[in-house]
Number of protein chains: 4
Amino acid sequence: MAGLTTEQRVRRAAIKLFAAKGFHGTGIRDLAQAAGLSSASLYHYMGTKEELLAELMRESLDRLLTTATTAVSGVDSPVERLGRLVVLHVLTHAAQPNETRVVDHEVRALSASARREVVRLRDDYERLWADAIADGIRAGEFTSPEPSLARLALLEMCNGVARWYSPRGPLGLDELATNYAQMAMRLVGGPEQALPSFEYCRDLVSKTWNRRR
Amino acid sequence: MAGLTTEQRVRRAAIKLFAAKGFHGTGIRDLAQAAGLSSASLYHYMGTKEELLAELMRESLDRLLTTATTAVSGVDSPVERLGRLVVLHVLTHAAQPNETRVVDHEVRALSASARREVVRLRDDYERLWADAIADGIRAGEFTSPEPSLARLALLEMCNGVARWYSPRGPLGLDELATNYAQMAMRLVGGPEQALPSFEYCRDLVSKTWNRRR
Amino acid sequence: MAGLTTEQRVRRAAIKLFAAKGFHGTGIRDLAQAAGLSSASLYHYMGTKEELLAELMRESLDRLLTTATTAVSGVDSPVERLGRLVVLHVLTHAAQPNETRVVDHEVRALSASARREVVRLRDDYERLWADAIADGIRAGEFTSPEPSLARLALLEMCNGVARWYSPRGPLGLDELATNYAQMAMRLVGGPEQALPSFEYCRDLVSKTWNRRR
Amino acid sequence: MAGLTTEQRVRRAAIKLFAAKGFHGTGIRDLAQAAGLSSASLYHYMGTKEELLAELMRESLDRLLTTATTAVSGVDSPVERLGRLVVLHVLTHAAQPNETRVVDHEVRALSASARREVVRLRDDYERLWADAIADGIRAGEFTSPEPSLARLALLEMCNGVARWYSPRGPLGLDELATNYAQMAMRLVGGPEQALPSFEYCRDLVSKTWNRRR
DNA sequence: CATGAATGAGCGTTCATTCAT
DNA sequence: TATGAATGAACGCTCATTCAT
């Protein structure tokens, strides 16, 4: 925990606890204890508990969206674009499972207005996937009878990684990502040997998440 | 709500609310109101809130496991088995999204002992998938470099259905299930034209879920 | 429990539980279970919980007062009267410890009006002791500088029996009663060899408590 | 109430209410009101209601045991020892009737483990009495056919003081204590003119109870 | 910055009691 | 007689939040 500001410690504690026990299952006192503060002091570093959640979610989605936009912009090949999206998504979910779980599970805990923002970010992100799939079909590289279904299936299957992947397990990040990219390509009927550069994606993810808020 | 016993009304209310707001986000008074009772009366029909959750989860998983076991037992072809599992899973998640969401999201809210039971049921269920995939690979019908990854990817992708499918949307249950079966076959490199009987699976699911507890 | 009416079972259960856990520590459901009834059925045999307590206390005190009045009326000797009071009191407290404990501990749980009745009965009972002591002093058989103090000391010391006496312990009822009578005589400076008839008192107590309500 | 910390106010309120209405008859809201706090604030100054009770009882018994041990240690004469024990006990029960009533009445409300501690303290205390009586008999100064009975009778008779003594009544503490010492001596057949120093005992009690926790 | 103190509101649960059957 | 069903009120306790210091 050395080198972290108190605010960062609060946010880390929140992410960890919200991921592990849920937003409603995490008390303000749990948070305070995990951050090494009194519960009163917590309020120097956050608004309400719900505002903290909203911030964390917006930030996580922001990073994901930014990274993905960077990765696919200017890339013509839909195959390459979809491949990059899958690998980025999987790497992010494997490397930041707590952030990811919070984003995926706690939308319902947000107030209406915060939820709207988050949903909009999520929609923007999913559009990148939808576009890659649609372009791939148009270009004759993918064959999906129901492109929306494919998108949803792909996203859910990749989200799942956050729920079970462990760096102490048998699979390295590269194998994990490559396998998922292959499964994704198969799922949309694309060329499965055409996989994106793992190193490129890994560096992109790492750059995004090491950048301090 | 006609024709339901009070206990059933309580359980339905619990499933709906736990699915919508989470276990910790649902108060006993919410539950009572949704069931049309006072909060004191609730306790004629349940033990503690947590015991109610545990019962609901066990029952849902029990049904899923029973249905799936029925569907695959005695079937030799791994392709047919996996196909049926996918269709059953998708139909169940589309038709009973609340039960399913609770099962998938609220394991962490269970006490240690209840969690053990639920995890065991889930493990039994996943074994059916693992066996079908492993047998398919052995028989040369599937080609998956990492069978466990394939199983996890398939399950997560099918779970997702409960989060977004709406019977009022453009897709019917048959299209939904058939598409998922096709995507699943592609994902494991199997023969995608060999799809299981939708009617058979639909009847099985319907029989399981119409049976009153 | 054979041969008891349901009402008697209820009263016995109440006495036992009120003695063991206190009036406020005993729930209506405890009572029902101990009496072998549903809590609703209980109300066929009692008024409110508090009325039940009041009845039990009045009845116990009534018996004690009646027995004691019988034992001392027409007896001239204050020594004999005080001796009988001590033996009766001790025997009652040893044989009916639950009734006694309730009477001694739960006055505060009564409503004002019920408390008044109970206190009046108690006062009548204590008057018998006060008279015996005063007469003994007047007759030169007792020497107590503060007769009220002696009365209170005697009563409390005898009440204590209900808190610890066990028929399975080393002391029989006769030794117990005789010893207490001796200690009492000493305490008021009376002739300690002049002890009342144990058999007479035992029979009186036994007659009083075997009489069904 | 001036000069008291909030914690002390809470404890005083608890002692007063537990004594007056019993542990189970006292609600957390009663406690809060008597202490001048909200029921939530109460929990800054105590653990659970039951832990508060246990603390209060342990502390009261601790003081009693300490005072009594001080008073009798190094004293050879059993007559003097028993006399001091009686006077200390009576003074304590007259001066701190609430503490005393709680200790004497609410043992049953304790959890098993707290009860064990309290009973052990009580046993240690009663041993001082048992030793004084046994030594007195051995020395030929007391004549008690059943020493245990004498001990129990003495203790109960002295406990009673807390139930009725009022400083606004006709008796001063000195008369009260002296009379009880005399009655006690008579009860065990000891020399009743040999009474312990009232002033010594009064100062000891007062020192013990004025010491702030 | 940091926190002890404080609280209104609410938590899950149990209370004593009633009543239709 | 007997009870399942029902409930308003209260239980002991924790919640997220504020604020004076």
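All of these numbers come straight from a predicted model, not from anything done at the bench. Lettering of chains follows the sequences in order, A, B, ..., and the numbering in each one begins at 1.
Remark: DNA chain E forms stems of 3 or more consecutive Watson-Crick or G-U wobble pairs, all pair distances under 3.5 Å, at E:2-21 with F:2-21.
Considering only residues two or more places apart in sequence or on other chains, B:Asp30 meets the side chain to side chain contact (heavy atoms under 4.5 Å, CB included) condition with B:Leu17, B:Lys21, B:Thr26. Residues meeting the side chain to side chain donor-acceptor pair (under 3.5 Å) test with A:Arg115, sequence neighbours left out: none. In terms of the side chain to side chain donor-acceptor pair (under 3.5 Å) criterion, A:Arg116 has no residue partners (sequence neighbours excluded). For A:Phe23, the ring-ring contact (aromatic ring centres under 6.0 Å, His included) partners are A:Phe18, not counting sequence neighbours.
A:Glu99 has no carboxylate O lying under 4.0 Å from a charged side-chain N of A:Arg63, or vice versa, which leaves the two without a salt bridge.
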5' to 3', nucleotides 14-21 of chain F under a 4.0 Å protein heavy-atom cut-off (B base, S sugar-phosphate only, - none) gives BBBBBB--
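The salt bridge (charged side-chain N to carboxylate O under 4.0 Å, His left out) analysis of residues 35-51 of chain A, with sequence neighbours excluded, yields no pairs. The salt bridge (charged side-chain N to carboxylate O under 4.0 Å, His left out) contacts involving residues 100-113 of chain B comprise A:Glu106-B:Arg108, A:Arg108-B:Glu106, B:Asp104-B:Arg122, where partners must be two or more places apart or lie in separate chains.
The separation between B:Gln33 atom CD and F:dT7 atom C1' is 16 Å, rounded to whole Å. The CZ-P distance, from A:Arg9 to E:dA2, rounds to 8 Å in whole Å. With rounding to whole Å, D:Leu42 atom CG is found 14 Å from F:dC11 atom C1'. In this entry the distance linking CG of D:Leu53 with C1' of F:dC13 reads 17 Å, nearest Å. When rounded to the nearest whole Å, the span between CG of D:Leu31 and P of F:dA10 equals 17 Å. Taking atom NZ on B:Lys21 and atom C1' on E:dC11, their separation rounds to 13 Å, with Å as the unit.
Residue B:Leu37 is classed as a sugar-phosphate contact, given heavy-atom separations below 4.0 Å to backbone atoms only.
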Listed pairs under 3.5 Å, donor-acceptor, residues 31-39 of chain A side chains, sequence neighbours left out:
| residue | atom | partner | partner atom | Å |
| --- | --- | --- | --- | --- |
| A:Ser38 | OG | A:Ser41 | N | 3.2 |
| A:Ser38 | OG | A:Ser41 | OG | 2.9 |

